[in-house]
Amino acid sequence: MTRMILLAASTAATALLAAPAQADTLYHNLDGLHASASGELQRFAGMIVDDDGRIVALVEPGGALPSAVDEMVDLQGAHVLPGLIDAHGHVMGLGLAALDTELDLTGTASIEELQQRVAAHAAAHPDLPWITGRGWNQELFSDGRLPSAADLDAVVADRPVWLGRVDGHAAVGNSAAMRLAGITAETADPDGGAVLRDEAGQATGVFVDAAEALVNVHIPAPDAARMDAALIAAQDFLLSQGITAIADMGTSIADWHAFRRAGDADALNVRIMSYAAASAPAAAIAGTGPTPWLYDDRLRMGGIKLYSDGALGSRGALLKADYEDDHGNRGLPVMSGEQLREQAGWAAERGFQLAIHAIGDAANAEVISIFEELGSGHEARHRIEHVQILDPADLPRLSAAGIIASMQPVHQTSDWQMAEKRLGMDRLGGAYAWKSLLDAGTRLALGSDVPVEHPNPFVGLKVAVTREDAQGSPRGGWRAQEALTLGQALAGFTGWAAYAGMADGRFGSLQPGAHADFIIVDRDISAVSPQAIADTEVIATYVDGEAVWVAP
């Protein structure tokens with residue numbers, strides 16, 4: 001990018017900051033790009049925004065500029081996009097991980113490196129009663145071995161240590177953590193979880209899916225002040241990435257209270273489409289049905305998040321046949337079919353939208369059947385979260401049942417080699433099948449699953465159109481026939497994501513009546529190479545036409 005472009009974009013952002021909030025402000029001389037409802041790229045050259053921060057109209061390229069406006073702001077050719085939406089994330093998970101008391105193990109390349117990071121973090125925080133963190137992935141280790149309590153004991157033995165796997169579906173603790181939790185060789189596996197054991201039957205320190213709760217309940221919960229700090233950290237980071245709205249998957253009561261405190265203080269700048277962590281918090285928070293939109297469309301609890309299975313990394317994804325690299329294992333149902341049906345029926349009767357996590361082909365088939373049985377069709381907009389591995393025979397069933405496929409492009413680049421090992425090459429016909437689902441008439445919504453993955457939506461856009469990782473592998477894309485066009489990918493991170501969150505018409509598209517949520521970026525993402533989309537930098541982020549984040 002040239003210095004001239006940087007200067008022009010910086011000047012445009014300064015002009016927007018200086019623009020007074022008046023009725024019918026025209027932002028012009030801009031290079032605007034958005035996606036239509038059908039996933040086609042469209043351009044605009046200006047926006048008229050009223051004093052409520054809503055779009056009045058867009059000006060088409062070459063169109064006459066209206067004169068009956070109160071203010072005109074020249075953006076000097078800046079590149080403008082709608083505010084981007086992450087259709088699946090964990091807001092407080094991102095925020096708590098951003099605080100310096102949490103250990104980030106992302107990218108750890110070996111157990112030795114993990115030990116070094118744990119030891120350094122413990123030394124830097126001698127007063128922490130627990131050493132907690134997340135982000136390790138044994139698939140990055142040269143020997144592929146899971147860490148163990150013994151590995152952690154070797155560096156921290158005087159305090160409990162509890163470290164989550166990158167996908168959140170497994171964790172490892174040291175002996176002190178297991179003692180506090182009362183874990184012994186006699187501890188039974190809970191429903192939907194597993195305590196991994198050695199040949200002698202002793203717990204190794206690794207807990208999968210529902211078994212994590214055996215230790216989690218003993219970790220001191222963060223107080224309100226820490227939750228508030230985490231929310232501010234999360235939303236500032238999301239805004240810096242150009243994300244103006246996010247679907248929060250698994251909102252707890254404490255999370256909701258943090259969102260409400262921020263809203264009451266007029267400090268909630270990211271729009272949050274909240275999905276409660278099962279029916280109990282939904283009933284406690286929302287009562288008999290979805291809440292109304294609060295704080296001028298910045299917060300709503302409209303759905304419930306449930307789990308069918310675990311993840312491929314911990315071999316908890318529920319498969320129709322054995323794991324190729326672990327014969328005799330077909331995964332782990334986090335909730336039984338009976339439990340899912342009971343919870344789904346409760347939610348549907350009260351008008352809640354359902355968002356059910358399903359990774360493996362057996363889990364997806366079960367969840368599709370549940371939605372078919374509910375019979376609520378397209379109106380309910382029920383969702384499957386991840387939809388990573390489908391039996392090709394089940395693929396058309398999503399569209400027929402009106403199910404939204406909420407998918408995260410970056411998971412494909414993180415998982416493709418592991419997927420080949422876990423499933424074998426003959427069972428990948430429905431793996432991360434974005435294009436096939438779209439062609440079959442299924443609505444897509446795209447996100448990141450932050451903090452499992454980095455929330456940068458421009459990396460997500462690049463992956464969606466290339467199916468290549470950051471190193472350009474595999475060359476030409478993994479199962480490249482499943483790549484999306486840029487228009488489809490942009491729609492997945494804007495209008496389609498809003499539709500999936502029951503927010504269409506409110507935000508997610510720069511249409512008349514919608515909130516003027518938009519971003520200024522440093523390039524025309526349609527005019528650079530697909531690989532260069534990932535390098536896009538956000539210069540400024542606006543919600544309701546007001547600057548809420550500007551690059552330093």
Side-chain angles (χ1 to χ4, degrees), residues 86 88-104 121-122 124-135 159-164 168 171 177 180-181 212-240 243-287 290-305 450-452 455 543 548-549:
D86 192 317
H88 181 117
H90 307 277
V91 175
M92 299 308 295
L94 168 63
L96 290 168
L99 302 182
D100 65 359
T101 54
E102 294 292 316
L103 176 57
D104 182 5
H121 188 74
H125 298 280
D127 297 328
L128 285 179
W130 281 70
I131 301 299
T132 58
R134 66 175 293 159
R159 284 179 282 172
V161 179
W162 185 242
L163 308 172
L180 278 172
E212 294 179 75
L214 298 173
V215 179
N216 282 336
V217 296
H218 297 277
I219 301 174
D223 61 18
R226 189 176 178 211
M227 292 289 283
D228 292 346
L231 176 56
I232 295 301
Q235 77 167 2
D236 284 351
F237 191 73
L238 292 169
L239 293 168
S240 77
I243 296 169
T244 55
I246 185 169
D248 186 60
M249 288 294 161
T251 305
S252 70
I253 295 173
D255 297 343
W256 180 258
H257 288 165
F259 300 159
R260 290 300 305 265
R261 287 193 296 270
D264 290 344
D266 197 25
L268 189 61
N269 292 325
V270 170
R271 303 188 191 279
I272 299 176
M273 300 167 284
S274 170
Y275 292 76
S279 59
I285 293 166
T291 72
W293 284 98
L294 305 170
Y295 313 115
D296 197 19
D297 295 339
R298 299 203 182 189
L299 179 65
R300 176 179 183 259
M301 176 168 286
I304 294 177
K305 168 76 179 301
V450 61
V452 174
V543 173
V548 290
W549 185 87

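Source: prediction; values computed, not measured. Note: hydrogens, waters and symmetry copies are ignored here, and every other heavy atom, side chains too, is used.
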Enquirer: So, R134 side chain and P451 main chain: donor-acceptor pair closer than 3.5 Å or not?
Expert: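 Here the side-chain-to-backbone pair does not exist.
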Enquirer: How long is the straight-line distance from NE2 of H257 back to CE of M227, given to the nearest 0.5 Å?
Expert: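 Between atom CE of M227 and atom NE2 of H257 there are 10.0 Å.
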Enquirer: At their closest point, which heavy atom of M92 faces which heavy atom of D255, and how far apart are they?
Expert: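 Where M92 meets D255 most closely, the heavy atoms are CG-OD1, 3.2 Å.
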Enquirer: Donor-acceptor pair, distance only, cut-off 3.5 Å: does the side chain of R300 make one with the backbone of T291?
Expert: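 Confirmed, R300 side chain pairs with T291 backbone.
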Enquirer: Working to the nearest 0.5 angstrom, can you tell me the gap between D266 CG and L268 CG?
Expert: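 The CG atom of D266 sits 9.0 Å away from the CG atom of L268.
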Enquirer: Hey, could you give me the CG/CG distance between L231 and N269, rounded to the nearest 0.5 Å?
Expert: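 Here the interatomic distance stands at 9.5 Å.
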Enquirer: Locate the shortest heavy-atom distance separating E212 from A171; write the atom from each residue and the value.
Expert: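 Taking every non-hydrogen atom into account, OE1-CB, 3.6 Å.
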Enquirer: Donor-acceptor pair, H90 side chain versus M249 backbone, under 3.5 Å?
Expert: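 Indeed, once roles are kept as given, a pair shorter than 3.5 Å links the two residues.
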Enquirer: Taking the side chain as C-beta and beyond, is there a heavy-atom pair between V91 and V270 under 4.5 Å?
Expert: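 Side-chain contact under 4.5 Å: no.
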Enquirer: Going by salt bridge (charged side-chain N to carboxylate O under 4.0 Å, His left out), name the pairs with one or both residues in residues 244-254, residues two or more places apart or in two chains.
Expert: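 Those involving residues 244-254 do not exist here.
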Enquirer: Supply the atom-to-atom distance T244 OG1 to L239 CG, rounded to the nearest 0.5 angstrom.
Expert: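 Taking OG1 in T244 and CG in L239, the distance rounds to 8.0 Å.
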Enquirer: For Y275 versus I304, what's the shortest heavy-atom pair and its separation?
Expert: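 Closest pair (atom of Y275, atom of I304, distance): CD2-N, 3.9 Å.
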Enquirer: To the nearest 0.5 Å, what is the distance between CH2 on W162 and CG on N216?
Expert: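 One gets 6.0 Å once the value is rounded to the nearest 0.5 Å.
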Enquirer: Quick one: closest heavy-atom pair of I253 and P281, and the distance?
Expert: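 Closest pair (atom of I253, atom of P281, distance): CG1-CB, 4.0 Å.
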Enquirer: Answer with yes or no whether the side chains of Y295 and R260 bring together a donor and an acceptor at under 3.5 Å.
Expert: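 R260 vs Y295: donor-acceptor pair found between side chains.
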Enquirer: Report the distance from atom CG of L163 to atom CG of L103, rounding to the nearest 0.5 Å.
Expert: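 Rounded to the nearest 0.5 Å, the CG-CG separation comes to 6.5 Å.
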Enquirer: Check the orientation of H121 and H125. Use parallel for under 30°, tilted for 30 to 60°, and perpendicular for over 60°.
Expert: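 Tilted: the ring planes of H121 and H125 meet at 30° to 60°.
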Enquirer: Within a strict 4.5 Å, meaning less than it, do heavy atoms of the V215 and W130 side chains meet?
Expert: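 Yes. Closest side-chain heavy atoms under 4.5 Å.
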